[in-house]
Chemist: 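The structure's right below; bear with me while I get my questions together.
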Amino acid sequence: MKKFLILLCLTIMLACTACIVGCNNDSDSTPPDNTETPSDDTLKNFSGITFEDQTFTYDAAEHIILISGNLPDNTYVSYTNNSATDAGTYNATATLTNEEYNTLTLTATLKINKATFGNDIQLPDETIIYDGNVHSLAITGTLPPNTVVRYENNDRTDAGEYTVKAILENPNYITKTLTAQLNIRALPDALNIIVNLLSRPNAWNFMPDAFLPENMAYTAAPQSDFSSSFVSVDKIETKSIGKQLNVVYDLLNQVQSILSKANVVFGAGETIASVYQTFINDNPDSYSQFTKTITIGGVEFNLKIALSGDVSILLIGNDTISVELTADSENNINIGRIQIASGVLKYESSATTLKLAIDVEISGVKVAQSIEFVRSNNAVAGYLYEYYGVGDTAIKTTALISCNEIYTVIVGNKRETDDLLIEAYEEVYDSRTGKMIGCEVAETVKAVDFDTLWFHLSDTYGFTNVKVEDTANGLNADTVYINNSTTAFKTKNIGGFGLDTLSRRYDIEMKEVWYIVEVTENDGSITYEKVKQLVPMLFVQTKSVSTFSFDVTAENDCLTSAILPSATPMTSVFETMKTTYESLKDITYQDITDFIGNKNSFFS
């Protein structure tokens, strides 16, 4: 019984001791890393054993961290998460167990840093000739597995310089961005260059459309016989060309003639462009100067093309023709000089201006002409000069042209006869129809100044028909009859005491005009020719306009009344244009030939 009590007391004491020890363990936190876990005091603790953090750079190989130190015999080590290949941070553990030692758990960090892409991986710049296709840049070099490349601003078609980015992404590499230039270079389009150079001016564009030969043309020559019988005044065609406008027609026709003789060159634009484009493509870095001998229509031509900034030049010719063309694309100006056996033409043109000059020989006579047009809004001003002959014997003509939507007015000094001094000869036309409305002439005859207005008989009320006999009757070179009268048309002198006492207040005279007539050629094509005719027109001295109706009916029984059409279209601008015209007379023959200049030395 005594032994039992002693054993019971020992059992109670052990239980109390175990309770105390258990309470102390619960109050402590988890033991620090790399320390022995308290255990049985009868077991030994590991010492001298370490498990160190280690850092590597990704190289596609497996990396491992291990404990270091001398392990007691029969020690077993187990690892967790202590090996890796891919970039990242890994928390590793090493647990040491031995029957004679307290178990030891150690921790360490295994870190694998991202690698950098090799320098062999590049994004090269590239220059490509524009061809209408999509073009891109691409990286070069060997990419690590699982690398993704993203491009920005790539895949371009239009000409230009583009900054392209290539972004390299890989979980085991530091993201890298490469940049390069994609230059899509647009070589010049030779056809555009040549077409621009071969753009010829059309002076008719500065005149109203009604004045185009095809719009002025009659299918047959108008009435010209006024002597056989009375002709209704309505049969006298008024879409006629007077002496001043005729100078303009002559010049523009000469221009068209020279241009047409150069058609062999101007019609070969595609041939010239094809040859030049081949040269450009073969020499993309040095195409600004090009010379070659080419064949057009079986004829050889020497060709030169030069580019300098916005200016392009084309020289082409042989022994019979030379064509020199310049196009300034920045200022939209075209300059041309064409020389053939019969003459030379020079022009400078833009959208709103045109200046051209010719030096030709007509029927053995040297003729130099120049005309300049300036367009402003819906109005055009023109300046014309002509030298018929050379030196002191030359007949000089100057004309001022004014066109708007209603009237076209030409003031010049084209001579009627050698004994007249024309100060200003004005012709007024309807811009919409081409009809000649009338004329005003300021002239001096034998020291007497006159100012006369000229009207169509069909526009003057009271005149129905007219007949003209080629018989002089005093001051008139012809004898005129009107309204079926057998009595000749009578005029009335100014009278009084002035120098013009014996001059006529009014009369009907034959006026020199030209008509455009349509001609059908043997091949069916249509051409146009000018036909000169004399037609009867009524003139009235400006100081006698107010008394005309009384004067003419008092002198002619066949007229019961007579009313002039409005003279305003002539008189309203005459003085102003006369003053402007007179200020333009200083240009000389040398001025015209200086503008034309000499043939380029390339053709020597």
Chemist: A side-chain contact here means heavy atoms from C-beta on lying under 4.5 Å apart; do M207 and L245 qualify?
Modeler: yes
Chemist: When rounded to the nearest 0.5 angstrom, what distance separates CD in Q541 from CG in D507?
Modeler: 11.0 Å
Chemist: Taking all non-hydrogen atoms of both residues, which atom of V265 and which atom of I272 are closest, and how far apart?
Modeler: O-CD1, 4.4 Å
Chemist: Could you walk me through whether D225 and S227 satisfy the side-chain hydrogen bond (donor to acceptor under 3.5 Å, both in side chains) test, starting with their C-alpha distance in whole Å, then the side-chain angles of each, then the deciding distance to 0.1 Å, before giving a yes or no?
Modeler: CA-CA 6 Å; D225 181 8; S227 62; 3.0 Å; yes
Chemist: Flag the pair N334 / L325 as yes when at least one side-chain heavy-atom distance between them is below 4.5 Å, and no otherwise.
Modeler: no
Chemist: Using the test ring pair (Phe, Tyr, Trp, His ring centres under 6.0 Å), find all partners of F226 that sit at least two apart in sequence or belong to another chain.
Modeler: none
Chemist: Taking the side chain as everything from C-beta on, heavy atoms only, tell me whether S349 gets closer than 4.5 Å to I333.
Modeler: no
Chemist: Does S549 reach the main-chain N or O of A562 with its side chain, forming a donor-acceptor pair under 3.5 Å?
Modeler: yes
Chemist: Please name the pair of heavy atoms, one in I194 and one in G269, separated by the smallest distance, quoted to 0.1 Å.
Modeler: CG2-O, 3.7 Å
Chemist: By ring pair (Phe, Tyr, Trp, His ring centres under 6.0 Å), which residues pair with Y249, not counting sequence neighbours?
Modeler: W204
Chemist: For residues 562-580, which residue pairs qualify under salt bridge (Lys or Arg N to Asp or Glu O under 4.0 Å), counting only residues two or more places apart or in two chains?
Modeler: E423-K578, K578-E582
Chemist: Run the numbers on D250 and Q254 for side-chain hydrogen bond (donor to acceptor under 3.5 Å, both in side chains), then give the verdict.
Modeler: CA-CA 6 Å; D250 280 345; Q254 286 291 339; over 6 Å; no
Chemist: Do I184 and D158 touch side chain to side chain, with heavy atoms closer than 4.5 Å?
Modeler: no
Chemist: Rounded to the nearest 0.5 Å, what separation is found between the CG atom of L197 and the OG1 atom of T326?
Modeler: 7.5 Å
Chemist: Side chain of S257, backbone of N253: donor and acceptor closer than 3.5 Å?
Modeler: no
Chemist: Any salt bridge (Lys or Arg N to Asp or Glu O under 4.0 Å) pairs touching residues 328-357, not counting sequence neighbours?
Modeler: E324-R337
Chemist: Would you confirm whether T576, through its side chain, and V573, through its main-chain N or O, come within 3.5 Å as a donor-acceptor pair?
Modeler: no
Chemist: For I526 and T520, what are the C-alpha separation, side-chain angles and deciding distance, and is it a side chain to side chain contact (heavy atoms under 4.5 Å, CB included)?
Modeler: CA-CA 5 Å; I526 303 296; T520 301; 3.4 Å; yes
Chemist: Verify, without hydrogens or angle tests, whether S402 (side chain) and V409 (backbone) share a donor-acceptor contact under 3.5 angstrom.
Modeler: no
Chemist: Would you confirm whether Q223, through its side chain, and V231, through its main-chain N or O, come within 3.5 Å as a donor-acceptor pair?
Modeler: no
Chemist: For the backbone of V344 and the side chain of D359, can you confirm whether one donor and one acceptor N or O come within less than 3.5 Å of each other?
Modeler: no
Chemist: Among residues two or more places apart or on two chains, list those pairs meeting salt bridge (Lys or Arg N to Asp or Glu O under 4.0 Å) that have a residue in residues 381-390.
Modeler: E386-K414
Chemist: Give a yes or no on whether D319 atom CG has more than 12 heavy-atom contacts from other residues, nucleotides or ligands under 6.0 Å away.
Modeler: no
Chemist: List the residues meeting ring pair (Phe, Tyr, Trp, His ring centres under 6.0 Å) with F595, not counting sequence neighbours, and say none if there are none.
Modeler: none
Chemist: Mind checking whether D451 and F574 have side chains closer than 4.5 Å, heavy atoms only?
Modeler: yes
Chemist: Show, in sequence, the C-alpha distance, side-chain angles and deciding distance for S350 and N332, and conclude whether the side chain to side chain contact (heavy atoms under 4.5 Å, CB included) test is met.
Modeler: CA-CA 6 Å; S350 70; N332 295 318; 5.5 Å; no
Chemist: Would you call I494 and K543 a side-chain contact if the rule is heavy atoms closer than 4.5 Å?
Modeler: yes
Chemist: Quick one: which residue pairs count as a ring pair (Phe, Tyr, Trp, His ring centres under 6.0 Å) with a foot in residues 427-468, not counting sequence neighbours?
Modeler: F211-Y429, W454-F539
Chemist: Tell me, with the steps shown, if V255 and L251 meet side chain to side chain contact (heavy atoms under 4.5 Å, CB included).
Modeler: CA-CA 6 Å; V255 169; L251 172 55; 4.2 Å; yes
Chemist: For residues 597-604, run the donor-acceptor check on the side chains, cut-off 3.5 Å, and write out each pair with its distance to 0.1 Å, sequence neighbours left out.
Modeler:
residue, atom, partner, partner atom, Å
N600, OD1, F602, N, 2.8
S604, OG, S601, O, 3.1

Chemist: Check whether more than 12 heavy atoms from other residues, nucleotides or ligands sit under 6.0 Å from atom CG of N522, and answer yes or no.
Modeler: no
Chemist: So which pairs with a foot in residues 284-299 pass salt bridge (Lys or Arg N to Asp or Glu O under 4.0 Å), sequence neighbours left out?
Modeler: R185-D285
Chemist: Would the distance check show the side chain of S274 and the main-chain N or O of T271 forming a donor-acceptor pair, the cut-off being under 3.5 Å?
Modeler: no
Chemist: Is there a donor in the side chain of T444 and an acceptor in the side chain of D449, or the other way round, less than 3.5 Å apart?
Modeler: yes
Chemist: D591 vs T588, test: side-chain hydrogen bond (donor to acceptor under 3.5 Å, both in side chains). Steps then yes/no.
Modeler: CA-CA 5 Å; D591 292 330; T588 66; 3.1 Å; yes
Chemist: Which heavy atom in V428 sits nearest to a heavy atom in P569, and how many Å separate them?
Modeler: CG2-O, 3.7 Å
Chemist: Return a table of donor-acceptor pairs under 3.5 angstrom between the side chains of residues 309-318 and protein atoms on other chains or two or more places apart.
Modeler:
residue, atom, partner, partner atom, Å
N318, OD1, T320, N, 3.0
N318, OD1, T320, OG1, 3.0
N318, OD1, I321, N, 3.2
N318, ND2, E300, O, 3.3

Chemist: How far apart are the closest heavy atoms of Y589 and A368, and which atoms are they?
Modeler: CE1-CB, 3.4 Å
Chemist: Could you check whether any side-chain N or O of R504 sits under 3.5 Å from a backbone N or O of K492, counting only pairs where one atom can act as donor and the other as acceptor?
Modeler: no
Chemist: Which is it for T238 and S458 under the side chain to side chain contact (heavy atoms under 4.5 Å, CB included) test, yes or no, and what are the steps along the way?
Modeler: CA-CA 9 Å; T238 58; S458 58; 4.0 Å; yes
Chemist: Among side-chain atoms of Y218 and E237, is any donor-acceptor pair under 3.5 angstrom?
Modeler: yes
Chemist: In Å, rounded to the nearest 0.5 Å, how long is the span from CD of E426 to CE of M570?
Modeler: 7.5 Å
Chemist: Just so I know, are the side chains of I401 and I371 near enough to count as touching, which here means a heavy-atom distance under 4.5 Å?
Modeler: yes
Chemist: Flag the pair S431 / I406 as yes when at least one side-chain heavy-atom distance between them is below 4.5 Å, and no otherwise.
Modeler: no
Chemist: Write out all pairs satisfying ring pair (Phe, Tyr, Trp, His ring centres under 6.0 Å) with one or both partners inside residues 300-355, taking only residues at least two apart or from two chains.
Modeler: none
Chemist: Could you check whether any side-chain N or O of N476 sits under 3.5 Å from a backbone N or O of I508, counting only pairs where one atom can act as donor and the other as acceptor?
Modeler: yes
Chemist: Counting heavy atoms not belonging to E270, are there more than 12 under 6.0 Å from its CD?
Modeler: no
Chemist: Search all heavy atoms of V517 against all heavy atoms of V531 and return the closest pair with its distance.
Modeler: CG2-CG2, 3.6 Å
Chemist: For F206, which residues count as a ring pair (Phe, Tyr, Trp, His ring centres under 6.0 Å) partner, sequence neighbours excluded?
Modeler: F373
Chemist: For residues T542 and E440, report the shortest heavy-atom separation together with the two atoms involved.
Modeler: CG2-OE2, 4.0 Å
Chemist: Does the S525 side chain pair with the main chain of E521, one donor and one acceptor, at a distance under 3.5 Å?
Modeler: no
